[in-house]
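Step one of this worksheet: look at the structure below.
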Amino acid sequence: MAKITYVEHSGKQHVIDVPNGLTVMEGARDNGVPGIEADCGGACACSTCHVYVAPEWVDRLPKKDAMEEDMLDFAWEPDPARSRLTCQIKVSDALDGLVVQMPEKQI
């Protein structure tokens, strides 16, 4: 299990214990965290689970694959270094302490 901090665009924080094996998106969805819409349910087909990863976590996450890179082109104000789709980040103990910030809006 990993403790993940989801930060709304307004700055409000939600600290959630997310079980291993789920995605960061599922952790937000299952706990009612606003700002991650996840319209496609995790199929990497909509970019509505876009977040900015805290700078200290960027290099600690698995690299983006080509499909995630393509979908980020449709995200609201993507940051080439920090933007990720939370449906593509699988939770493990190694993510304990991860901090993600939601954009102002999703697409």
note = To the nearest 0.5 Å, atom NE2 of H14 lies from atom OG1 of T5 at 10.5 Å

ask   = Is any side-chain heavy atom of W57 less than 4.5 Å from a side-chain heavy atom of I89?
value = no

task = Report the C-alpha separation of E77 and Y52 in whole Å, then their side-chain angles, then the decisive distance to 0.1 Å, and conclude whether the side chain to side chain contact (heavy atoms under 4.5 Å, CB included) test is met.
result = CA-CA 10 Å; E77 298 184 348; Y52 304 110; 3.7 Å; yes

inquiry  = Hydrophobic cluster membership, with links at side-chain heavy-atom distances under 4.5 Å among I/L/V/M/F/W/Y: are L85 and I16 in one?
reply    = no

query = OG/S92 to CG/L98 distance, rounded to the nearest 0.5 angstrom?
reply = 10.0 Å

Pairs of donor and acceptor atoms involving the side chains of residues 24-33, under 3.5 Å and at least two apart or interchain, shall be tabulated with distances.
from, atom 1, to, atom 2, distance (Å)
E26, OE1, T23, N, 2.7
E26, OE1, T23, OG1, 3.4
N31, ND2, G27, O, 2.7

Closest non-hydrogen atom pair between M71 and C46, with its separation = CE-N, 3.3 Å

key: Side-chain (S47) to main-chain (L72) donor-acceptor, under 3.5 angstrom   = no

query = Once you round to the nearest 0.5 Å, how far does CG of D70 lie from SG of C44?
reply = 8.5 Å

ask   = Quick one: does K64's side chain get under 4.5 Å of R84's, heavy atoms only?
value = yes

Show me the donor-acceptor pairs within less than 3.5 Å that the side chains of residues 99-107 make with the rest of the protein, sequence neighbours left out.
from, atom 1, to, atom 2, distance (Å)
Q106, OE1, H50, N, 3.3
Q106, NE2, G35, O, 2.9
Q106, NE2, H50, O, 3.0

ask   = With a 4.5 Å heavy-atom cut-off, do V18 and M1 have their side chains touching?
value = no

4.5 Å side-chain heavy-atom contact, R82 and P55 = yes

request  = Determine, step by step, whether D17 and K3 satisfy the salt bridge (Lys or Arg N to Asp or Glu O under 4.0 Å) criterion, reporting the C-alpha distance in whole Å, the side-chain angles of both residues, the deciding distance to 0.1 Å, and the verdict.
outcome  = CA-CA 4 Å; D17 288 321; K3 189 173 297 294; 3.0 Å; yes

